[in-house]
Amino acid sequence: MSSFLGSIGRSMARGTQRVQKRSPTPSNSTVTSPIDTVAPSSIFAPPPPPAQKPLYLSSPFVEAALVKGNFKTIVMLPKYVDIMEWVAVNVYDFYNNLNEFYGTIAECCTSEACPTMAAGSSLSYTWINQERKSVHLPAPTYIDYVMAWIQTLLNDENVFPTKSGNDFPQGFPSTIKHVYRQLLRVFAHIYHAHYPQILHLRSEPHFNSLFAHFLAFGREYELLEIKDVKGASSAPVGIGALWEKWKEMGLLEG
C-alpha cells in the first residue's frame, strides 16, 4: 500500500514540479452556505431489530459496475506524477461526481423525508457547530454544509494550489482525510436512504463504480479508516457490508 501520509515529507523535500493539472473548479455549486470546519462526530443508537436486506446488497444490483476486475489497477500512482497532485485530482473528481449524483436525487432528500443524516437504521451523524456543540441536522442541510465547505477548500489556492510554483500546505493530508470522511458519509446516506432513486434512474452501475473507486483509492492512500466504513459493532454502517461483498467479488482489497 502506498502511504500518502508517509510520502508528503519526501514529496515536499523533492520540490518536484507537478505535471498533472486539475480542471477548473465547477462554478455551479448546489450549495451556497459557508460552514465551520470542525469535524463532525457520530452518534450511535441501540441496535435495531433485524431488517430486510438493502437493495444495494441484493443481486443483481450489488454486481452492477462499469469496471470489471479489481479497482486497485485504476488507483495506482502514475509514473512521474507527484502523489499530492494525484490525490488532489482524484478528490476533486470524487467530489464533483458525487455532487452531480446527489443533484439527481436531491428533490427526494428533504427535511421531512430525511430528518437526520442517517447512514443506517441505527446510525446518524451529527454536526459540531461553531459553539463546538454536537447538533442533529436534516440530511439535506448536513450535505449542503459538507459540499459548501469542500467547494470553499477547492477554491482556496492555499489549500488546493493550481498555479505553477505553489506548493501544497503541510496540513494537506489531514485536510484531505477530513474531506474524505465527509464524502464517505454522503455516500453512506445515499445508499441508505436513496438507492431506490438511483435504481429508478438506472444509474446503479455508475454509482457503484464511483463508490468502489472511492473506497479503493481511500484505502490505497490511507485516507479511509475501516471503522468509518464499517461503523461500530453495535451500529454497523450498511456500506460496510457492501465493502465486504465487493471484497468477496474481487473488486476491492482489504
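FYI, side chains are in, hydrogens and waters are out, and symmetry mates aren't considered; it's all heavy atoms of this structure. Numbers here simply count residues along the sequence, with the first being 1.
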message: Using side-chain heavy atoms (C-beta onward) and a distance below 4.5 Å, is Leu199 in contact with Leu55?
response: yes
task: Using a strict cut-off of less than 4.0 Å between a Lys/Arg side-chain nitrogen and an Asp/Glu carboxylate oxygen, indicate whether Lys72 and Glu220 qualify as a salt bridge.
output: yes
- prompt: Are Lys230 and Pro236 side-chain neighbours, meaning at least one heavy-atom pair lies under 4.5 Å?
  reply: no
Test item: Trp243 side-chain N/O and Ile226 main-chain N/O as donor-acceptor pair under 3.5 Å: no
- prompt: Does a side-chain heavy-atom distance below 4.5 Å link Leu223 with Ile176?
  reply: yes
Parallel, tilted or perpendicular, as decided by the 30° and 60° cut-offs, for the rings of Phe211 and Phe214: parallel
- prompt: Would you call the rings of Trp127 and Tyr145 parallel, tilted or perpendicular, where under 30° means parallel and over 60° means perpendicular?
  reply: perpendicular
task: Taking the six-membered ring for Trp and the full ring for Phe, Tyr or His, determine whether the centres of Phe168 and Phe160 are under 6.0 Å apart.
output: no
- prompt: Do other residues, nucleotides or ligands put more than 12 heavy atoms under 6.0 Å from Glu107 CD?
  reply: no
query: Taking the side chain from Asn208 and the backbone from Phe61, do they hold a donor-acceptor pair closer than 3.5 Å?
result: yes
query: Do Ser59 and Glu63 have side-chain N/O donor and acceptor atoms under 3.5 Å apart?
result: yes
- prompt: Got a donor-acceptor contact below 3.5 angstrom from the Ser209 side chain to the Leu66 backbone?
  reply: yes
- prompt: Are any non-hydrogen side-chain atoms of Val135 and Thr126 less than 4.5 angstrom apart?
  reply: no
- prompt: What about Tyr102 and His194, are their ring centers closer than 6.0 Å?
  reply: no
query: Would a distance-only check, ignoring hydrogens and angles, find a side-chain to backbone donor-acceptor pair under 3.5 Å from Asp156 to Thr152?
result: no
task: Evaluate the ring planes of Phe207 and Phe187, with Trp represented by its six-membered ring, and classify them as parallel (under 30°), tilted (30 to 60°) or perpendicular (over 60°).
output: tilted
- request: Scan side-chain atoms only and decide if Ser124 and Thr116 contain a donor-acceptor pair under the 3.5 Å cut-off.
  value: no
message: Show the nearest heavy-atom pair for residues Phe172 and Ala88, with the distance to one decimal.
response: CZ-CB, 3.8 Å
message: Classify the ring geometry of Tyr142 against Tyr125: parallel below 30°, tilted from 30° to 60°, perpendicular beyond 60°.
response: tilted
message: I'd like to know if the side chain of Gln151 pairs up with that of Tyr95 as donor and acceptor (distance under 3.5 Å, no hydrogens or angles considered).
response: yes
- prompt: Relative to each other, are the rings of His178 and Trp149 parallel, tilted or perpendicular (30° and 60° limits)?
  reply: tilted
- line: Looking only at heavy atoms, the pair that brings Ile105 and Leu201 closest together is CG2-CD1, 4.3 Å
